[in-house]
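Here's the structure, in structure tokens; my notes come after.
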Amino acid sequence: MAIAKATALTWTHSVSPSLHVPQSSVRDARRFRLFCASDQSQKGNEMIVSVTGATGFIGRRLVQRLRADNHDVHVLTRSRSRAELIFPVKDYPGLVITEEPKWRDCIQKSNAVVNLAGMPISTRWSSEIKKEIKDSRIRVTSKVVDYINASPGENRPTVLVSATAVGYYGSSETRVFDERSPSGNDYLAEVCREWEATALTVNKDVRVALIRIGVVLGKDGGALAKMVPLFMMFAGGPLGSGQQWFSWIHVDDLVNLIYEALINPSYKGVINGTAPNPVRLAELCQQLGEVLGRPSWLPVPDFALKAVLGEGACVVLDGQKVVPAKARELGFPFKYPYVKDALKAILL
């Protein structure tokens, strides 16, 4: 069992309704279908998608989803050997894995790019680590944008889906944040502002969707995986005060949201990648305790979290109530709108 923070997904059906695409040419068809909400499982509607951060918690599941619907995937990685361990050729025949020197070629051969790369924030922070957390996001995003912009017009990807995070909003126990809310003034907000601004330097003809991701719940990896032993050790009580808001999303819903942003032209600009029902952390821990069949009464003290994560504990000790106003406006169908159902799906 693990619960993960995205800095961050059983799929057989596309979110979009079916639409037949005439096959005048392979290139024209590929570009046309990115401007149409189409049934991507329909033969002949395959995309070529380049993905950074594909070996991460969210990226692995996105690759699986894209492959399940017969799309071609280019894994853009810094370590080919690591990527080959995660995506063995016997399970992923035809998957293209390439290191940075060949990213440009892959991007120019793609219809779309998904940018998920970034050093995990669920670690002890030092001045060096904080610099790397920011630089890892800005550097890769800048490289991806430069390669897209340098592509000849006829070979340029038509959509960029780039990850960011709800850390953009800062923390609050009382405010409700949606996509129109201003940015906060702490370190994570600064990182997110620069991250998003870099993505937005892409060519104006490229549709951009910025997914501000909350805490991702799934079976493996991520920030809170390190905190689960603490949760168990302290009899499953709330982390810190328990009053902080916890803006979460099930990994399946996040991957479906990213997928929909690839194929649906209505998905553009900032979109919060969070479930429609955020909870206070005490409620999350209570629901987790019920699902696990153990008590939830003794709080995990702040000092215990800080001993594990240092300044990075602010990811859990601070919080914000973030709602997915844009996704709901677009009619995105959340499979797991309530945290109890999400935890049951993950743990039982």
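In what follows, every heavy atom counts, from backbone to side chain, and hydrogens, waters and symmetry copies are set aside. Since this is a predicted model, take the numbers as computed values, not measurements.
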Please lay out, stage by stage, how W195 and Y168 fare under the test ring pair (Phe, Tyr, Trp, His ring centres under 6.0 Å).
CA-CA 10 Å; W195 196 4; Y168 174 92; over 10 Å; no

Output, in order, the C-alpha distance, side-chain angles, deciding distance and verdict of side chain to side chain contact (heavy atoms under 4.5 Å, CB included) for E194 and E190.
CA-CA 6 Å; E194 294 188 28; E190 176 187 322; 3.8 Å; yes

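Side-chain contact of T55 with R60: a donor-acceptor pair under 3.5 Å is absent, judged by distance alone. Looking at S50 and S110, their side chains do bring a donor and an acceptor atom within 3.5 Å of each other. S171 and D318 form no side-chain donor-acceptor contact under 3.5 Å, judged by distance and modelled atom types alone. Donor-acceptor pairing under 3.5 Å is recorded for the side chains of R193 and S183. Side-chain contact annotation: S172 with Q320, donor-acceptor N/O pair under 3.5 Å absent. For the residue pair Y147/D105, the side-chain donor-acceptor check at 3.5 Å is not satisfied. Between the side chains of N149 and R156, not a single donor N or O lies within less than 3.5 Å of an accepting N or O.
In terms of hydrophobic clustering, with Ile, Leu, Val, Met, Phe, Trp and Tyr side chains grouped at heavy-atom distances under 4.5 Å, L85 and L62 are assigned to different clusters. The hydrophobic cluster containing W245 does not contain V176, counting ILVMFWY residues as joined when their side-chain heavy atoms lie under 4.5 angstrom apart, directly or transitively. Residues V323 and I211 do not share a hydrophobic cluster, clusters being chains of Ile/Leu/Val/Met/Phe/Trp/Tyr side chains in contact below 4.5 Å.
Residue N272 holds its CG atom at 3.5 Å from CD of E179, rounded to the nearest 0.5 Å. Here the OH atom belonging to Y92 is positioned 13.5 Å from the CD atom belonging to E84, to the nearest 0.5 angstrom. The structure places NZ of K326 at 14.0 Å from CZ of F332, a figure rounded to the nearest 0.5 Å. Taking CD1 of I258 as the start and CG of N115 as the end, the distance is 10.5 Å to the nearest 0.5 Å. Taking NZ of K321 as the start and CZ of F177 as the end, the distance is 11.5 Å to the nearest 0.5 Å. Taken to the nearest 0.5 Å, the CD atom of Q108 stands 9.5 Å off from the CD atom of E154.
Remark: the backbone N or O of V159 is not paired with any side-chain donor or acceptor of R207 at under 3.5 angstrom. Formation of a donor-acceptor pair under 3.5 Å by the D69 side chain with backbone atoms of H71 is not found in this model. Counting only distance, with no hydrogens or angles, the side chain of E99 and the backbone of T77 share no donor-acceptor pair below 3.5 Å. Panel note: side chain S181, backbone D178; a donor-acceptor pair is recorded below 3.5 Å. Of the possible donor and acceptor atoms, none in the side chain of K335 sits under 3.5 Å from a partner among the backbone N and O of D253.
When V322, V339, L281 are each tested for a side-chain contact (heavy atoms from CB on, under 4.5 Å) with F246, only one passes: L281. Across V51, T98, L95, V96, a single residue satisfies side-chain contact (heavy atoms from CB on, under 4.5 Å) together with V75, and that is L95. The ring pair (Phe, Tyr, Trp, His ring centres under 6.0 Å) test with H250 singles out one residue from Y338, F334, Y336, and that residue is Y336.
Nearest heavy atoms, D205 versus N203: N-OD1, 2.7 Å. Taking all atoms of both residues into account, the shortest heavy-atom contact from T198 to T201 is O-OG1, 2.6 Å. Across every non-hydrogen atom of I249 and A275, the tightest pair is CB-N, 3.9 Å. The two residues S151 and I107 make their nearest non-hydrogen contact at OG-CG2, 4.5 Å.
Annotation: side chain of L343 is not in contact with side chain of D341 (no heavy-atom distance under 4.5 Å). Put simply, the side chain of W125 reaches to within 4.5 Å of the side chain of I133, judged on heavy atoms.
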